[in-house]
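To start, the structure under review is shown below, and the notes come after it.
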2 protein chains.
Amino acid sequence: MLDITEVVRRSGVPASTLRYYEEKGLILSTGRRGLKRIFAPRVLDQLALIALGRAAGFTLDEIGEMFDDGGEPSIDRHALSAKADALDDTIRKLSAMRDGLRHAAKCPAPSHLECGQFRRLMNIASARMKVEKKRGVQEK
Amino acid sequence: MLDITEVVRRSGVPASTLRYYEEKGLILSTGRRGLKRIFAPRVLDQLALIALGRAAGFTLDEIGEMFDDGGEPSIDRHALSAKADALDDTIRKLSAMRDGLRHAAKCPAPSHLECGQFRRLMNIASARMKVEKKRGVQEK
DNA sequence: GTGCAACTTGAAGCTGGCTTGAGGTCAAGG
DNA sequence: CCTTGACCTCAAGCCAGCTTCAAGTTGCAC
């Protein structure tokens with residue numbers, strides 16, 4: 001049994017986040033010592049799985065559905081495939097974008113606007129904007 | 001010269017967004033007809049460029065720095081390369097994630113937790129979480 | 001038994017990129 | 001001249017995923 005401090009130390013997840021996850025029903029504390037939450041060691045796996053899900057682009061709500069009533073992971077393999085496909089899609093778009101950026105970086109045209117490839121890229125991006133409702137990729 | 005309705009129609013960007021961009025200094029209206037904003041046709045290129053930048057993961061502030069005082073694009077080629085590299089990095093991570101998901105989807109282990117590859121993936125994801133301050137990928 | 005650091009709670013705040021709403025103004029059509 | 005309705009402004013709201021804050025408890029060391 002681990003107290004919250006120990007979970008923070010071993011998972012790297014801040015206490016505030018642990019409380020938030022518990023409130024959301026993603027993890028469960030098994031009791032208290034005084035006020036302090038006590039967690040079963042299993043929570044470390046659950047947190048790793050949450051991290052994985054987040055990295056793969058699942059929302060917390062979606063991740064919540066990946067645990068059964070007992071807190072054991074029971075992941076729909078279809079959902080995994082679907083997410084893999086979605087990732088593939090994202091990857092393709094980002095690759096096109098990367099190639100365009102790379103071209104623009106070394107393109108000899110005086111202004112990027114005079115570069116055909118750059119204009120094509122712009123048009124793709126703005127056409128996507130017209131069609132897509134909401135989709136974002138952040139890179140910090 | 002285009003009024004805002006025309007810009008909306010031709011760019012697909014909502015009027016509220018145009019006003020927001022103008023407020024942020026990303027685009028400039030060249031005057032008014034009554035109350036209505038009037039834009040130079042150039043704004044369509046600017047909007048396409050903004051869409052491109054957004055799709056490539058630039059923030060609006062970063063995109064703002066890509067226009068010179070006159071509103072002409074003057075993009076630092078180094079910044080483009082750097083962004084391309086960042087995209088590459090993201091693409092690599094997403095690819096690893098996709099492969100892991102795909103494996104998990106067809107892995108015969110009774111629980112994903114018993115699958116070595118899945119656990120490795122989980123560990124990578126949670127290790128990243130410990131190290132990284134803020135990085136996100138949204139899909140859908 | 002007392003101090004105090006570390007925990008607790010609930011609510012509010014933050015970031016980015018917009019959207020929405022209330023209330024106001026104006027040009028054009030009838 | 002008057003209505004209509006598309007635009008305007010400014011402020012507030014929304015989303016996810018947290019973080020931060022103020023105020024309240026607590027276990028443990030002394």
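Labels below follow one simple rule: chain letters A, B, ... track the order of the sequence lines, proteins then strands, and each chain is numbered from 1.
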query = CG of B/Leu60 versus P of C/dG17: gap in Å, rounded?
reply = 4 Å
ask   = Any chance CZ of B/Arg33 has more than 12 other-residue heavy atoms, nucleotides or ligands included, within less than 6.0 Å?
value = no
task = Check the distance between D/dG27's P and A/Leu35's CG and give it to me in whole angstrom.
result = 7 Å
message = Check the phosphate of D/dT9 against B/Arg37, side-chain N and O only, distance under 4.0 Å to OP1 or OP2. Yes or no?
response = yes
task = Might you work through the side-chain contact (heavy atoms from CB on, under 4.5 Å) test for B/Phe39 and B/Leu47, ending with a clear yes or no?
result = CA-CA 12 Å; B/Phe39 293 94; B/Leu47 288 172; over 6 Å; no
ask   = Closer than 4.0 Å, any side-chain N/O of A/Tyr21 to the OP1 or OP2 of D/dG17?
value = no
inquiry  = Just the rounded figure in Å: distance from P of C/dT9 to CD of A/Glu23.
reply    = 9 Å
Residue closer to the 5' end of DNA chain C, B/Gly34 versus B/Ala15 (nearest nucleotide) = B/Ala15
ask   = Over how many whole Å does the gap from B/Ile63 atom CD1 to C/dG17 atom C1' extend?
value = 11 Å
inquiry  = I want to check one thing: is the phosphate of D/dC18, taken as OP1 and OP2, less than 4.0 Å away from some side-chain N or O of A/Arg54?
reply    = yes
Proximal nucleotide (of D/dG17, C/dC18, D/dT19) relative to the B/Tyr20 side chain = C/dC18
Upstream residue (5' side of DNA chain D) when A/Arg33 and B/Arg32 are each assigned their closest nucleotide = B/Arg32
query = Between B/Lys24 (NZ) and C/dT15 (P), how many Å, whole number?
reply = 12 Å
task = Measure the distance from CG on B/Asp3 to P on C/dA27 and round it to the nearest whole Å.
result = 14 Å
task = Look at the side chain of A/Ser16 and decide which nucleotide, out of C/dT8, D/dT20, D/dT9, has an atom nearest to it.
result = D/dT20
remark   = In whole angstroms, the gap separating P of D/dC18 from CG of A/Leu26 amounts to 9 Å
ask   = Hey, does the side chain of B/Thr30 reach the backbone of B/Ile38 with a donor-acceptor pair shorter than 3.5 angstrom?
value = yes
ask   = According to a strict under-4.0 Å criterion, is A/Thr17 in side-chain N/O contact with OP1 or OP2 of D/dT19?
value = yes
query = For the pair made of CD1 in A/Ile38 and C1' in D/dG27, what is the distance, rounded to whole Å?
reply = 12 Å
remark   = A/Pro14 has its side chain closest, among D/dT19, C/dT20, C/dC7, to D/dT19
message = Taking B/Arg119's backbone N and O only, do any of them form a donor-acceptor pair with B/Asn123's side chain (distance below 3.5 Å, no angle check)?
response = yes
query = Got a donor-acceptor contact below 3.5 angstrom from the A/Arg54 side chain to the B/Ala125 backbone?
reply = no
task = Would you please confirm or rule out a distance under 4.0 Å between OP1 or OP2 of C/dT20 and any side-chain N or O of B/Arg19?
result = no
